[in-house]
**Student:** 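Structure below; questions to follow.
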Amino acid sequence: MPGTPDKDTGSIPPLDFIRTIVATDLVNQKHDGRVATRFPPEPNGYLHIGHAKSICLNFGVAADYRGTCNVRFDDTNPAKEDVEYVNAIQNDIRWLGFDWGKHLHYASDYFERLYGYAVRLIERGKAYVDDLSAEQIREYRGTLIAPGRESSYRDRSVEENLDLFARMRAGEFPDGSKVLRAKIDMTSGNMNMRDPTLYRIRRATHHRTGNQWCVYPMYDFTHALSDSIEQITHSLCTLEFEDHRPLYDWVLTETEVTCHPQQIEFARLNLSYTVLSKRQLLVLIEKGLVFGWDDPRMPTLVGMRRRGLPPKAIRTFCDRIGMAKRKNVVDVAVLEHAVREELNQTSPRVMAVLRPLKVVIQNYPEEKIEEVDLVNNPENPDAGTRKVPFSRVLYLERDDFSEDPPKKFFRLAPGREVRLRGAYFITCVDVVKDGQGEIVELRCTYDPTTRGGSSPDGRRVKATLHWVSVEQALTAQVRLYDRLFVDEHPGENRNFLEAINPSSLEVINTCRVEPSVASMAPGDRCQFERLGYFCVDPDSSDGQLVFNRTVSLRDVWAKIARTMKASG
RNA sequence: UGGGGCGUCGCCAAGCGGUAAGGCGCGGGCCUUUGGAGCCCGUAUUCGAAGGUUCGAAUCCUUCCGCCCCAGCCA
């Protein structure tokens with residue numbers, strides 16, 4: 001329950017403005033002590049991290065105040081909607097960690113009742129059938145600064161309207177020839193109140209109601225009444241619907257329904273280096289810049305799932321970014337931080353070499369193979385230990401060796417001693433190059449007294465490197481992802497494609513991983529020590545493991561190197 | 001003089017008349033068999049601006065400035 005002191009600090013976490021309203025309503029018995037929210041997606045696309053904010057809000061408020069949260073598909077536009085999306089959306093919500101129980105609804109289930117409410121509006125003289133064309137309606141609507149004019153059909157009798165509306169439903173008129181409009185105020189400063197369309201004629205096959213209807217209700221009418229039908233108490237939506245609130249209230253007042261939920265608007269999420277508009281995401285797919293909705297670089301929930309982000313991290317992220325009405329662009333680093341925080345606690349550690357450099361330990365016996373013990377997760381003793389084979393010929397990370405080490409580089413270099421994680425101290429004694437001067441192999445010696453990674457004489461080394469035994473290593477494909485855009489605010493530019501990061505994906509086919517990963521299955525996560533968090537991609541097959549890098553580890557050396565480069 | 005919103009640290013965000021929470025980021029230190037993690041310290045004398053009210057203002061009043069949304073038979 002929010003408003004209770006934090007276990008550790010004793011401080012009381014502040015309520016966001018929405019929870020403040022809900023808590024106040026509860027105290028005042030505004031909805032007889034009930035809290036009911038809903039998440040109302042239109043099944044015309046995949047859910048993304050912005051939707052996650054809304055899902056966490058709606059389910060979170062319900063959970064905090066012992067209420068309920070419905071999932072309701074706002075499926076009033078058959079031309080754009082599809083079952084593919086209704087299934088995907090349900091999967092995503094469940095994956096995120098929320099359970100709607102029995103509360104799964106469709107606006108289309110209310111079509112008959114909605115039609116009845118429209119009839120009631122007509123009977124009360126609050127709606128009329130208009131024969132104006134779409135273009136004429138637009139003309140008549142006026143502009144932002146000039147009032148609109150009333151349609152010549154606005155004063156039809158109740159009887160005529162009733163008859164016409166029934167015949168609209170019966171299919172007597174062609175698509176687009178007539179609409180049902182609310183009779184409100186053509187001079188309103190709020191464009192939404194200038195006799196908004198309530199119903200349009202549209203012969204399209206609906207994914208649930210088939211060809212049962214040829215008239216479909218519009219959003220404003222449907223949404224308000226669906227909320228009312230479901231006894232919603234707080235209808236939470238994004239800021240662009242603020243202008244619609246007077247219409248939301250008008251619909252509920254004029255249909256004389258008893259349940260009148262309160263609409264409250266909050267600012268939608270924006271993420272740096274990311275686009276979140278459906279339109280722009282679609283462009284990325286259509287142009288082939290990503291492989292689909294579930295491309296691990298996409299900010300969709302399916303994409304993030306494939307990338308390996310834990311749902312818990314997304315929930316933590318949503319809790320942290322707060323809830324307010326001001327326009328915001330949350331730094332994607334906040335998300336990455338939540339992901340690392342979660343993965344650090346939960347991911348077993350494994351050694352993998354992305355760019356192998358062969359190393360021969362000259363004083364290590366030719367045929368000998370040892371099994372060294374390694375801790376699976378230093379954050380979690382219960383995760384236990386495992387055995388990893390060590391032998392004379394190993395792979396190290398190319399980046400972990402420098403023939404001419406720059407300042408502050410304290411990994412392996414000629415004559416330098418470092419530790420191989422969990423194994424031995426080694427010293428580089430020779431560098432082998434090919435005809436092009438390319439380093440192809442390192443010759444090292446090891447100190448047999450340092451087994452396990454510490455020296456009896458107490459001497460220290462500055463670096464601990466990951467490694468893999470050549471003989472036992474498995475080969476894997478690793479896909480490294482970087483942000484999709486180089487511009488911090490790509491969505492602001494209509495030419496957002498210019499800001500595409502050309503190297504958002506790097507595929508490495510020659511990675512070598514320790515043999516223990518053989519048992520990993522698609523979706524499984526691990527940390528490649530010193531590199532980052534990875535998960536097994538569904539593209540993996542028996543012979544070939546494919547890993548996605550979820551996120552890299554924080555890399556202090558990379559930052560130092562960048563700074564040194566920048567300052568010459 | 002169209003309507004509706006919003007302006008508190010680089011990015012989020014508390015604050016609701018009693019003298020600027022927290023997170024991310026950034027900088028420094030400790031610790032470390034991951035340059036990971038963890039721990040510690042620092043990071044807005046000032047709240048878009050200017051006036052006013054008050055013993056006291058980010059909070060109240062006035063004016064001004066800036067930004068966002070709205071003219072689908074989309075949601």
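Because the structure is predicted, anything quoted here is derived from the model rather than measured.
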**Student:** What nucleic acid atoms does A:Glu529 come within less than 4.0 Å of, heavy atoms only: base, sugar-phosphate, or nothing?
**Tutor:** base
**Student:** Quick check on B:U34: is either OP1 or OP2 less than 4.0 Å from any side-chain nitrogen or oxygen of A:His466?
**Tutor:** no
**Student:** Measure the distance from CG on A:Asn380 to P on B:U34 and round it to the nearest whole Å.
**Tutor:**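 Result: 17 Å.
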**Student:** Looking at A:Phe111 versus A:His206, is the centre-to-centre ring distance below 6.0 Å?
**Tutor:**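 So the answer is yes for these two rings.
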**Student:** List in chain and number order the residues that pass side-chain contact (heavy atoms from CB on, under 4.5 Å) with A:Arg279, two or more places apart in sequence or in another chain; answer none if no residue qualifies.
**Tutor:**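 A:Arg279: side-chain contact (heavy atoms from CB on, under 4.5 Å) contacts with A:Ser277, A:Phe496.
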**Student:** Does B:C55 pair with anything, Watson-Crick or G-U wobble, both distances under 3.5 Å, and if so, with which nucleotide?
**Tutor:**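 The base-pairing partner of B:C55, which may sit in any strand shown, is B:G18.
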**Student:** If I take atom CG in residue A:Leu239 and atom P in nucleotide B:G7, what distance separates them, rounded to the nearest angstrom?
**Tutor:** 10 Å
**Student:** Please state how far atom CG in A:Leu247 lies from atom P in B:G72, giving the value in whole angstrom units.
**Tutor:**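 My rounded result for the distance is 15 Å.
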**Student:** For RNA chain B, whose closest nucleotide is more 5', that of A:Asp74 or that of A:Arg349?
**Tutor:**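 Taking each residue's closest nucleotide, the earlier one in sequence belongs to A:Arg349.
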**Student:** Categorize A:Ile201 for me: base, sugar-phosphate, or nothing, with a 4.0 angstrom heavy-atom threshold over every strand shown.
**Tutor:**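 The residue A:Ile201 makes no contact with any strand.
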**Student:** Looking for any heavy atom pair under 4.0 Å, which part of the strands does A:Tyr216 touch: base, sugar-phosphate only, or nothing?
**Tutor:**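 If one applies the 4.0 Å heavy-atom cut-off, A:Tyr216 turns out to touch nothing in the nucleic acid.
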**Student:** Could you check how far CZ of A:Arg138 sits from C1' of B:C74, rounded to whole Å?
**Tutor:** 14 Å
**Student:** Using a heavy-atom cut-off of 4.0 Å across all strands, would you classify A:Gln527 as base, sugar-phosphate, or nothing?
**Tutor:** base
**Student:** Kindly write out the residues that satisfy side-chain contact (heavy atoms from CB on, under 4.5 Å) with A:Ala23, not counting sequence neighbours, or none if the list is empty.
**Tutor:** A:Leu15, A:Tyr65
**Student:** Establish, yes or no, whether a centroid distance under 6.0 Å links the rings of A:Tyr219 and A:His223.
**Tutor:** yes
**Student:** List for me each residue that meets side-chain contact (heavy atoms from CB on, under 4.5 Å) alongside A:Arg320, sequence neighbours excluded, and say none if there are none.
**Tutor:** A:Thr316, A:His337, A:Ala338, A:Glu341
**Student:** Whether A:Arg202 contacts B:C74 is assessed here as follows: a side-chain N or O lying under 4.0 Å from the phosphate OP1 or OP2. Is that the case?
**Tutor:** yes
**Student:** If only side-chain N and O atoms of A:Arg411 are considered, is one of them under 4.0 Å from the OP1 or OP2 phosphate oxygen of B:G35?
**Tutor:** no
**Student:** Tell me, please, which residues at least two apart from A:Pro405 pass side-chain contact (heavy atoms from CB on, under 4.5 Å).
**Tutor:** A:Ser402, A:Phe409, A:Ala413, A:Arg416
**Student:** Kindly say whether, by distance alone, the side chain of A:Glu379 makes a donor-acceptor pair under 3.5 Å with the base of B:G36?
**Tutor:** yes
**Student:** Using the salt bridge (Lys or Arg N to Asp or Glu O under 4.0 Å) rule, pick out the option among A:Asp399, A:Asp555, A:Asp400 that qualifies with A:Arg530.
**Tutor:** A:Asp400
**Student:** Quick check, are the ring centers of A:Tyr248 and A:Phe241 under 6.0 angstrom apart?
**Tutor:** no
**Student:** Report the residues that fulfil salt bridge (Lys or Arg N to Asp or Glu O under 4.0 Å) with A:Asp195, sequence neighbours left out, ordered by chain and then residue number.
**Tutor:** A:Arg154
**Student:** Sequence neighbours excluded, which residues qualify as side-chain hydrogen bond (donor to acceptor under 3.5 Å, both in side chains) partners of A:Arg554?
**Tutor:**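 Listed in chain order: nothing, the list is empty.
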**Student:** I'd like to compare against my own output: the B/S/- annotation of nucleotides 10-17 of chain B with a strict under-4.0 Å heavy-atom distance to protein.
**Tutor:** -SSBS---
**Student:** Whether the side chain of A:Asp243 and the base of B:G3 hold a donor-acceptor pair under 3.5 Å is what I'd like checked.
**Tutor:** yes
**Student:** Between A:Arg200 and B:G72, is there a side-chain N or O to OP1/OP2 distance below 4.0 Å?
**Tutor:**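 Negative; the distance criterion is not met.
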**Student:** In this structure, how many angstroms lie between the P atom of B:A75 and the CZ atom of A:Arg279, rounded?
**Tutor:** 19 Å
**Student:** For A:Tyr199, what residues pass the side-chain hydrogen bond (donor to acceptor under 3.5 Å, both in side chains) criterion, not counting sequence neighbours?
**Tutor:**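 Partners of A:Tyr199 by the side-chain hydrogen bond (donor to acceptor under 3.5 Å, both in side chains) criterion come out as none, since no residue qualifies.
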**Student:** Check nucleotides 29-31 of chain B against the protein and report each pair of N or O atoms closer than 3.5 Å, with its distance, or say if there are none.
**Tutor:**
none

**Student:** When all nucleic acid strands are considered with a 4.0 Å heavy-atom cut-off, which category describes A:Pro40: base, sugar-phosphate, or nothing?
**Tutor:**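 Since no nucleic acid heavy atom lies under 4.0 Å of A:Pro40, the category is nothing.
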**Student:** Between P on B:G5 and CZ on A:Arg268, what's the gap in Å once rounded to a whole number?
**Tutor:**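 In whole Å, B:G5 P and A:Arg268 CZ are 19 Å from each other.
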**Student:** What is the separation between atom NE2 on A:His244 and atom P on B:G4, rounded to the nearest whole Å?
**Tutor:** 15 Å
**Student:** Could you tell me which residues satisfy side-chain hydrogen bond (donor to acceptor under 3.5 Å, both in side chains) with A:Ser188, sequence neighbours excluded, listed by chain and number?
**Tutor:** none
**Student:** Are A:Ser133 and B:C73 close enough that a side-chain N or O sits under 4.0 Å from OP1 or OP2?
**Tutor:**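 For B:C73, OP1/OP2 do not have a side-chain N/O of A:Ser133 under 4.0 Å.
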**Student:** Reading RNA chain B from 5' onward, which residue's closest nucleotide shows up sooner: A:Glu135 or A:Ala333?
**Tutor:**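 The answer here is A:Ala333.
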**Student:** By nearest atom, which of the nucleotides B:G2, B:A71, B:U32 is closest to the A:Arg141 side chain?
**Tutor:**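 The answer is B:A71, which lies nearest to the side chain.
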**Student:** At 4.0 Å (heavy atoms only), tell me whether A:Arg421 reaches a base, stays on the sugar-phosphate, or touches nothing.
**Tutor:**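 Result for A:Arg421 = base.
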**Student:** Does B:G23 adopt a syn or an anti glycosidic conformation, taking syn as a chi angle within 90° of 0?
**Tutor:** anti
**Student:** Mind checking side-chain hydrogen bond (donor to acceptor under 3.5 Å, both in side chains) for A:Asp185 and listing every partner two or more places apart, or none if nothing turns up?
**Tutor:** A:Thr187
**Student:** Just how far, in rounded Å, is C1' of B:G28 from NZ of A:Lys559?
**Tutor:** 13 Å
**Student:** Determine the contact category for A:Asn77: base if any of its heavy atoms lies under 4.0 Å from a base atom, sugar-phosphate if only primed atoms, P, OP1 or OP2 are that close, otherwise nothing.
**Tutor:** sugar-phosphate
**Student:** Work out which heavy atom in A:Arg349 is nearest to a heavy atom in A:Val375; give both atom names and the distance.
**Tutor:**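 Shortest heavy-atom contact: CB-O, 4.4 Å.
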**Student:** Tell me which residues in residues 191-199 of chain A lie within less than 4.0 Å of RNA chain B, going by non-hydrogen atoms.
**Tutor:** A:Met191, A:Thr197
**Student:** Contact class for A:Phe409 vs. all strands (heavy atom < 4.0 Å): base, sugar-phosphate, or nothing?
**Tutor:**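 Since a base atom lies under 4.0 Å of A:Phe409, the category is base.
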